[in-house]
Amino acid sequence: MKTLDQPRIVIVGGGLAGLAAAVRLTQHGVPCRVVEVRPSLGGRASSFLDGATGNTLDNCQHVAMGCCTYFLQFIETVGAAGCFRRETELNFIGPTGETSRFTASPLPAPFHLLPALGRLKWLTRREQLELGRGLSALLRTPTERLRGVQLSGWLTAHRQSARVQSGFWHLVLVSALSETLDRIDAAYARKVLLDGFARHRSGWEVLIPTTSLSELSDRYAASWLRQHGSIFKCGVGVEAVHLAGGIARYLTTRTGESISADEFIITVPPYRLRSLLESAGCDLTGWPRFDQLETAPIASVHLWFDQPLTNLPHAVLVDRLGQWMFNRSWGAPASADGWYCQVVISASRDVEALGSEATVTRVANELLAIWGAGRSIQLIRGRVVVERRAVLSVTPGVDALRPDQQTPIANLHLAGDWTRTGWPGTMESAVRSGYLAAHRVLARLCRTPAPLPADLPIPRLSRWLFPE
Ligand SMILES: Cc1cc2nc3c(=O)[nH]c(=O)nc-3n(C[C@H](O)[C@H](O)[C@H](O)COP(=O)(O)OP(=O)(O)OC[C@H]3O[C@@H](n4cnc5c(N)ncnc54)[C@H](O)[C@@H]3O)c2cc1C
């Protein structure tokens with residue numbers, strides 16, 4: 001068995017959680033070794049080479065929101081903040097093709113978006129009032145009373161009609177949480193609406209990467225880490241974490257290497273973690289049952305048309321198969337490959353039954369019905385990428401299954417968007433978990449860490465109206 005040079009800190013997994021943990025530790029003068037099974041970094045937020053065009057495409061368009069303060073600090077630290085553009089106006093396309101512009105009014109939070117809700121043209125005035133009552137009831141209920149409650153049942157009990165459920169609740173929450181309303185814990189619905197829409201004027205703004213996801217990991221995060229002394233070992237799968245005397249001692253890899261360290265941060269998905277720990281005899285009695293966590297699929301439909309369909313940079317699609325259209329040609333010079341857009345289908349369980357070809361046809365036809373009427377626009381090519389285990393399902397009661405970053409083993413820490421952060425499985429949750437795990441390590445090394453990023457400040461009125 002070959003023994004590698006020993007850094008003090010080993011991070012297993014080079015997704016956002018692993019990279020964030022490494023950045024946080026490296027910032028405090030503690031460089032790390034990151035071991036990643038895939039040849040490249042980024043995990044679920046990554047890109048692939050499209051054989052037909054030779055272009056690097058994202059597995060799926062990722063977006064962050066103004067309330068994602070840890071993620072924003074992370075990209076700032078690695079010099080990638082300039083690779084995002086901030087949308088302060090969203091374009092909703094109603095069922096009959098009408099556009100409603102969603103933007104903040106000059107009113108103070110939490111009322112800044114009320115006029116925008118009143119402009120959702122596909123809801124009647126009565127439905128908008130009904131929605132207002134539902135939103136107010138949810139936001140005014142403390143989170144603890146919603147935890148474990150199924151959202152669809154809660155909405156029905158609060159007289160939210162099927163029309164309002166599909167025209168608002170489904171539209172917003174399926175995009176944000178990638179789950180259907182019957183599989184969402186009402187506490188997470190409140191979190192999205194409170195942090196994103198009610199608490200702060202800029203919480204809802206959408207940040208869209210202007211570069212590929214793999215560039216964010218490789219060109220920015222990994223370069224920054226290398227410059228500051230951290231190292232990467234890609235294409236190496238960790239097989240087991242070995243303990244002795246109640247603490248973690250070393251890892252073994254699938255290629256027979258062993259890697260010792262003082263502190264270990266494991267960021268693999270929950271369905272990989274059990275085997276990693278148990279194969280070397282770790283007793284998981286007393287740990288949360290993380291292997292019962294469920295995941296939700298997301299499909300992205302990549303489409304190339306022979307001419308531009310729309311000048312909009314993005315659109316939120318109401319009552320369509322996909323929820324968001326991202327114009328990936330926006331601001332770019334015309335390309336010989338055609339005009340390129342991505343349509344994201346969250347909670348995409350239906351797509352598998354439908355099949356790729358039918359999905360491409362249906363989504364392309366939906367876009368053509370909105371923007372192609374009276375024009376002879378041709379679809380050149382379409383491609384569907386389905387990530388079956390895209391994100392954590394925030395099913396009712398999910399919090400009991402999400403483990404803390406600190407484990408019963410003193411020098412073994414967990415990170416990953418699925419660990420306990422209070423956030424749904426997002427880039428923000430991944431970065432938070434990485435920072436929290438890094439702080440556990442720093443505490444054990446007796447280093448005083450810099451303060452964690454602050455959440456957006458909550459105006460007094462919001463705090464009073466919507467208690468924790
Ligand atoms: C299709 C799709 C769309 C999404 N859209 C959004 C969005 O718009 N906004 C948003 O905020 N979030 C979005 N997400 C979620 C976001 O991508 C994740 O929350 C985030 O990337 C998770 O990072 P992570 O590091 O926790 O996990 P991962 O990215 O899963 O990282 C874990 C890493 O561990 C590695 N690994 C696994 N096993 C081993 C092993 N044995 N040895 C070594 N390495 C191992 C994996 O290869 C991986 O790189 C989306 C996800 C998908 C899939």
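Just follow the structure's listing: the first ligand is 1, and inside any ligand the first atom is 1. Model, not experiment: these values are computed from the prediction. What's counted below: heavy atoms across the whole structure, side chains too, no hydrogens, waters or symmetry copies.
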Suppose we measure from [atom] to each protein heavy atom; which comes out shortest, and what is that distance?
| atom | answer |
| --- | --- |
| atom 23 (O) of ligand 1 | Ala430 CB, 3.5 Å |
| atom 48 (C) of ligand 1 | Glu36 OE1, 3.4 Å |
| atom 42 (N) of ligand 1 | Val238 N, 2.9 Å |
| atom 39 (C) of ligand 1 | Val268 CG1, 3.5 Å |
| atom 31 (O) of ligand 1 | Gly15 CA, 3.5 Å |
| atom 11 (O) of ligand 1 | Met427 N, 2.8 Å |

For ligand 1, which is the ligand I care about here, please tell me if [X] has any N or O atom under 3.5 Å from one of the ligand's N or O atoms.
| X | answer |
| --- | --- |
| Leu276 | no |
| Asn59 | no |
| Arg44 | yes |
| Val63 | yes |
| Pro269 | no |
| Cys60 | no |
| Ala17 | yes |
| Val37 | yes |

(request) Apply salt bridge (Lys or Arg N to Asp or Glu O under 4.0 Å) to Arg402 and Asp417, showing your working. (result) CA-CA 10 Å; Arg402 295 180 80 174; Asp417 62 346; over 6 Å; no
Distance filter under 4.0 Å to [X] heavy atoms, resulting ligand 1 atoms:
| X | answer |
| --- | --- |
| Thr267 | 32 (C) |
| Gly13 | 33 (C), 34 (O), 35 (C), 44 (N) |
| Gly416 | 26 (O) |
| Arg254 | 41 (N) |
| Val12 | 42 (N), 43 (C) |
| Gly43 | 29 (O), 48 (C), 49 (O) |
| Asp417 | 18 (C), 19 (O), 22 (C), 26 (O) |
| Ile298 | 1 (C), 2 (C), 3 (C), 4 (C) |

Answer side chain, backbone, both or neither: which part of [X] comes under 4.0 Å from ligand 1, heavy atoms only.
| X | answer |
| --- | --- |
| Val391 | side chain |
| His62 | both |
| Ala390 | both |
| Val35 | backbone |

(message) Taking the six-membered ring of Phe232 as reference, does the cationic atom of Arg33 (NZ for Lys, CZ for Arg) lie under 6.0 Å from its centre and within 45° of its axis?
(response)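 No, cation not above the ring by the 6.0 Å, 45° rule.
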(message) Tell me the closest heavy-atom pair linking Trp418 and Pro269, and the distance in Å.
(response)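 Heavy atoms only, the tightest pair is NE1-CA, 3.8 Å.
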(request) Could you label the plane-to-plane angle of the His302 and Phe48 rings as parallel, tilted or perpendicular, counting under 30° as parallel and over 60° as perpendicular? (result)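 Correct class here is perpendicular.
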(request) Can you label the angle between the Trp304 ring and the Tyr340 ring as parallel, tilted or perpendicular, going by 30° and 60°? (result)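 Trp304 vs Tyr340 ring planes: parallel.
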Between the side chains of [Y] and [X], is the shortest nitrogen-to-carboxylate-oxygen separation below 4.0 Å, so that they form an ion pair?
| X | Y | value |
| --- | --- | --- |
| Asp262 | Arg249 | no |
| Asp399 | Arg420 | no |
| Glu239 | Arg254 | no |
| Arg362 | Glu357 | no |
| Arg381 | Asp50 | yes |
| Asp404 | Arg440 | yes |

(message) For Glu36, give me all partners under salt bridge (Lys or Arg N to Asp or Glu O under 4.0 Å), at least two apart in sequence or on another chain.
(response)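 Expected list: none.
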(request) Carefully, step by step, assess Thr53 and Asp337 under the rule side-chain hydrogen bond (donor to acceptor under 3.5 Å, both in side chains). (result) CA-CA 7 Å; Thr53 57; Asp337 303 321; 4.8 Å; no
(message) Please tell me whether Thr253 and Thr255 have a donor and an acceptor in their side chains that are separated by less than 3.5 angstrom.
(response)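 Note: Thr253 and Thr255 side chains meet the donor-acceptor criterion.
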(request) Decide whether the shortest distance between a heavy atom of Ala64 and an atom of ligand 1 is less than 4.0 Å. (result)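 Judged by the 4.0 Å heavy-atom criterion, Ala64 does not count as contacting ligand 1.
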(message) Check contact between Arg389 and ligand 1, using heavy atoms of the residue and a distance below 4.0 angstrom.
(response)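 It does not; every heavy atom stays at 4.0 Å or beyond.
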(request) Verify ring pair (Phe, Tyr, Trp, His ring centres under 6.0 Å) between Trp204 and Phe102, making sure each step is shown before the conclusion. (result) CA-CA 10 Å; Trp204 67 282; Phe102 190 91; 5.7 Å; yes
(message) I'd like to know if the side chain of Ser175 and the backbone of Leu171 have a donor-acceptor N/O pair within less than 3.5 Å.
(response)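 At least one qualifying donor-acceptor pair exists.
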